[in-house]
Number of protein chains: 2
Amino acid sequence: MGAAVLSAPGESRRERSARTYAAVLDAADRLFAENGAEATSISDVATRAGCSVGTVYHHFGDKKRLLHALVERYIGRFQITIDEVVAPPRWAGSGVRVILAGYVAFSLEAGQSRPAFARPGAETARSDSKVRLQLAGLHSELKDGFASLLLVRRKEIGHPNPILAIHFVLDQLAAVIIARQNPFLMPSTLIECPSETFVQEALEAAAAYLRLDE
Amino acid sequence: MGAAVLSAPGESRRERSARTYAAVLDAADRLFAENGAEATSISDVATRAGCSVGTVYHHFGDKKRLLHALVERYIGRFQITIDEVVAPPRWAGSGVRVILAGYVAFSLEAGQSRPAFARPGAETARSDSKVRLQLAGLHSELKDGFASLLLVRRKEIGHPNPILAIHFVLDQLAAVIIARQNPFLMPSTLIECPSETFVQEALEAAAAYLRLDE
DNA sequence: ATTATCTATAGATCTATAGATAATGC
DNA sequence: ATTATCTATAGATCTATAGATAATGC
């Protein structure tokens, strides 16, 4: 359990401190995601991280700043993968269908590999306008990145208002993915059907709306 | 403030007690929706309802049962409006497009007139499997009601698998409505655009996916 | 000398109950 | 006699801090 923070041989004091810091964030990440930030005490976090309550306060000051640090770490990591996936060269030669499939795959993956984040992120965003703006910016970067990839290929799109349609379709895809990954929001076929069916129908709905075949 | 519970002239003891009971539920409804059930103390609820902490416990036993009673009341009210809206005679002579528009209007209205419920409902469902099943049943009743209205009109639908398509499209519409009504889940065009645009594009996406014009 | 860590605890809530009170219902 | 209500409070957490300790860094 607490083994993560015991000093390892040949480890500097700075290194161990950084490891403790990360262990606390990891512990908060899991516990906040499982039970919500409010239902999680600093004592719970400390126990899981294998350190004391005092140590948590030493590193983060208070609970609010611990949540902020968690969000910041998430944003930092996510930023990098977004920058990679929206890079135009990556999609050279690909049409609208392939790009939409890439958007869905990326969004699904992001939600699955970071299930820990959705809950504390939304909770924090609700009450903290700074965090809300940061997350909105992150989402916009992903969406605008894909939107401009699609805009360049607007000749494939038969919808009378391509700009509106592109934004709407990306948001619609994000919405069904969020619904699928948060069963308590809306029990539905979106959740019960197998992954291939889900992706296929979501993409077919997008293609039909955009009128790709005209 | 507390005036709601003061005895009114010519009011029986039973009546006043029922009014107190309802006032506590109303208070919990608002506070739980605004701040979350966990962040709301029984003392907050009592103050808002204009009664004492002891009175809340007299009526509901404990906090968990207060949440349950709130969910039950919501379910009871909602059940009635669902039964009305999915009644086949109401849609006699209407095509798929009109019915889908009705589904969207009803879902939008439900979310707007009961904003108070979404949060405590989801919070409770997350931890309480009985409530989760109840809410799933409620949603299923709405969805299955509309699904059978659409199924009867399947000749209008060009999608190769009408049953799958009907369920998928209803869930997709629900997902974009939820996204629109919960800005902290996903900042997006879905939220920023005016109501008419939102409804129009959502319905156009549905119609295109179902292939209503073939 | 600094600082990462721990232990112990003060102070603030919050849930739930006990017991008193006063008004209705049978 | 019952019960809806109130006041007061016990007991359980939970946040945050104070102060001690021991190991590193300059």
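Each chain gets a letter, A, B and so on, in the order the sequences are listed, and its residues count up from 1. Everything numeric in this text was worked out from a predicted model, so none of it was measured. The analysis underlying the following values was restricted to heavy atoms, covering all of them including side chains, and did not include hydrogens, waters or symmetry mates.
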Looking only at side-chain N and O atoms, does [X] come under 4.0 Å of OP1 or OP2 in [N]?
{"X": "A:H58", "N": "C:dA4", "value": "yes"}
{"X": "B:T55", "N": "D:dC6", "value": "yes"}
{"X": "A:S12", "N": "D:dT24", "value": "no"}
{"X": "A:S43", "N": "D:dT13", "value": "no"}

Could you check which of [options] has an atom nearest any side-chain atom of [X]?
{"X": "B:Y57", "options": "C:dT15, C:dT3, D:dT5", "value": "C:dT15"}
{"X": "B:I42", "options": "D:dA16, C:dT5, C:dT15", "value": "C:dT15"}
{"X": "A:S41", "options": "D:dT5, D:dT15, C:dT5", "value": "D:dT15"}
{"X": "A:S17", "options": "C:dA16, C:dC6, C:dA4", "value": "C:dA4"}
{"X": "A:R13", "options": "D:dT15, D:dT24, D:dT2", "value": "D:dT24"}
{"X": "B:H59", "options": "C:dC6, C:dT2, D:dT5", "value": "D:dT5"}

Rounded to the Å, how far apart are [X] [atom1] and [N] [atom2]?
{"X": "B:F60", "N": "D:dT5", "atom1": "CZ", "atom2": "P", "result": "11 Å"}
{"X": "A:L67", "N": "D:dA16", "atom1": "CG", "atom2": "P", "result": "11 Å"}
{"X": "B:K64", "N": "C:dA16", "atom1": "NZ", "atom2": "P", "result": "10 Å"}
{"X": "B:E38", "N": "C:dT15", "atom1": "CD", "atom2": "C1'", "result": "13 Å"}
{"X": "A:R65", "N": "D:dA16", "atom1": "CZ", "atom2": "C1'", "result": "11 Å"}
{"X": "B:R19", "N": "D:dT3", "atom1": "CZ", "atom2": "P", "result": "20 Å"}
{"X": "A:D62", "N": "D:dA16", "atom1": "CG", "atom2": "P", "result": "5 Å"}
{"X": "A:Y21", "N": "C:dT3", "atom1": "OH", "atom2": "C1'", "result": "16 Å"}

Residues A:R73, A:D26: salt bridge by 4.0 Å N-O rule = yes

If you measure from the Lys or Arg side-chain nitrogens to the Asp or Glu carboxylate oxygens, is any gap between A:E11 and A:R19 under 4.0 Å?
-> yes

Considering only heavy atoms and no angle criterion, is a donor-acceptor pair shorter than 3.5 Å present between the side chain of B:R14 and the base of C:dT24?
-> no

Give the ring-plane orientation class for A:F168 versus A:Y209, where under 30° counts as parallel, over 60° as perpendicular and anything between as tilted.
-> tilted

Is it the case that B:R119 places NZ or CZ above or below the six-membered ring of B:F32, under 6.0 angstrom from the centre and within 45 degrees of the axis?
-> no

B:F184 ring centre to A:R132 NZ or CZ under 6.0 Å, with the angle to the axis within 45°?
-> no

Could you check B:V53 against A:G54 and say which one's nearest nucleotide on DNA chain C is further toward the 5' end?
-> A:G54

Counting Watson-Crick and G-U wobble pairs whose two distances are both under 3.5 Å, find the runs of 3 or more in a row that involve DNA chain C.
-> C:1-24 with D:1-24

Given side chains that start at C-beta, do those of A:I177 and A:L190 come closer than 4.5 Å, heavy atoms only?
-> no

With a 4.5 Å heavy-atom cut-off, do A:L203 and A:V199 have their side chains touching?
-> yes

Step through it carefully: locate the ring centre of A:F60, locate the ring centre of A:Y21, and say whether they are under 6.0 Å apart.
-> yes

